[in-house]
Amino acid sequence: MNFDILLQKIKEYDKIAIFGHTRPDGDCYGSLNGLKNIILTTFPKKRVFCLTSHVESLSFLGKMDSIEDQEFEGALAIVCDTSTRERICDQRYKLCSEIIKVDHHIIIDNYGDYNIVDEDIAATSLLISKFFFKYPELKITEKGATALYTGIMTDTSNFRYRGVNLETFVLAGKLMELGVDVEYIDQQLSVESIRTTKLKAYIYKTLEVTEHGVVYAKLNKRIIKKFNVSNEEAATYVSLLSNIKECPVWILFIEYPKEIRIRVRSNGPDINMLAEAYGGGGHQKAAGASVKNWSKTKSFIKEANYLVKCYKENIPYENRKGRV
Ligand code: AMP
């Protein structure tokens, strides 16, 4: 991976706006805050902003900035961890002079003037770490290393996915040498309230299973309000449905004010195609989409059920083009 253009452009610009995606996760927060830390530690005179929405549980990695439109004039935009231009959290990235995309998702939209994308690497925070360790002139503090380590840890679900390899551990190890406290990170990420514990119980109590083995749960507005959790918090519980022996695909539906967000995961068939058929996208084993109403979720469940049937009975799913 060639990072020369990233370093060259960082040196060239005095103002740099780093953008993430909507509904930021650990890798988004990790890559944004890690990169900001590298730039400011190495070039203290530059002005660097991080832009995505606030997530309380990740705010230990750094706060997001709130800036006026005119600040984007003459700035460099670096967009991290965001596969398509629609998912960029703040559309004012268009006001910047040049755009660099740094990402690890499947390429469907090369919206950058420069695109640094590695589809095979497990996290964008790993890409930023590679960038950092490549150039000895770059500096980082313990806080920046903590952000990058957290991004790697969360996007690999604690180093549990097959995409994890020697390079992942080498980079994570090198970050640890810079002072990362793994226990501190674990405490920040694992803390649980009574509300969320009760919500977990609700999900276990109400989950449903389709004929061929799709397990799913639905969290509508009323339930989210009843348990007094944010939509983002509610959405994190997709992992509760994982690893059920009979169910290679699991889905959590979360009702947001204007849409129903679908989070779908698999340890069997590839599910990105299914998500794409509903206007979404993602990875082979972790994908998502948004639909307008609950009736669309029914057809999504039906399709997922058929996908699992194809997988279990060895029928090619691709042959069904046009049905969804
Ligand atoms: P999530 O369930 O939000 O963690 O999403 C899993 C993966 O699917 C993410 O890494 C995104 O790349 C992708 N994804 C989720 N929702 C969408 C969407 N509406 N459009 C495109 N890609 C999505």
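Computation of the quantities below employed the complete heavy-atom set of this structure, encompassing side-chain atoms and omitting hydrogens, waters and symmetry-equivalent molecules. Note that ligands are numbered from 1 as they come in the structure, with each ligand's atoms numbered from 1 the same way.
Side-chain contact annotation: Tyr256 with Glu232, donor-acceptor N/O pair under 3.5 Å present. Judged by distance alone, the side chains of Asp4 and Tyr135 do bring a donor and an acceptor atom under 3.5 Å apart. Side-chain atoms of Thr196 and Ser193 form a donor-acceptor pair, as typed in the model, at a separation below 3.5 Å. Defined by atom type and a distance below 3.5 Å, a donor-acceptor pair is missing between the side-chain atoms of Tyr111 and Thr82.
Linking ILVMFWY residues whenever their side-chain heavy atoms come closer than 4.5 Å, directly or via other members, leaves Trp250 and Phe253 in distinct clusters.
Listed by chain and number, residues touching ligand 1 at under 4.0 Å (heavy atoms only) are Arg87, His105, Arg261, Arg263, Arg265, Gly280, Gly281, Gly282, His283, Ala286, Ala287, Gly288, Ala289.
Taking the ring centre of Tyr114 as origin, the terminal cationic atom of Lys9 falls outside the region bounded by 6.0 Å and 45° from the ring axis.
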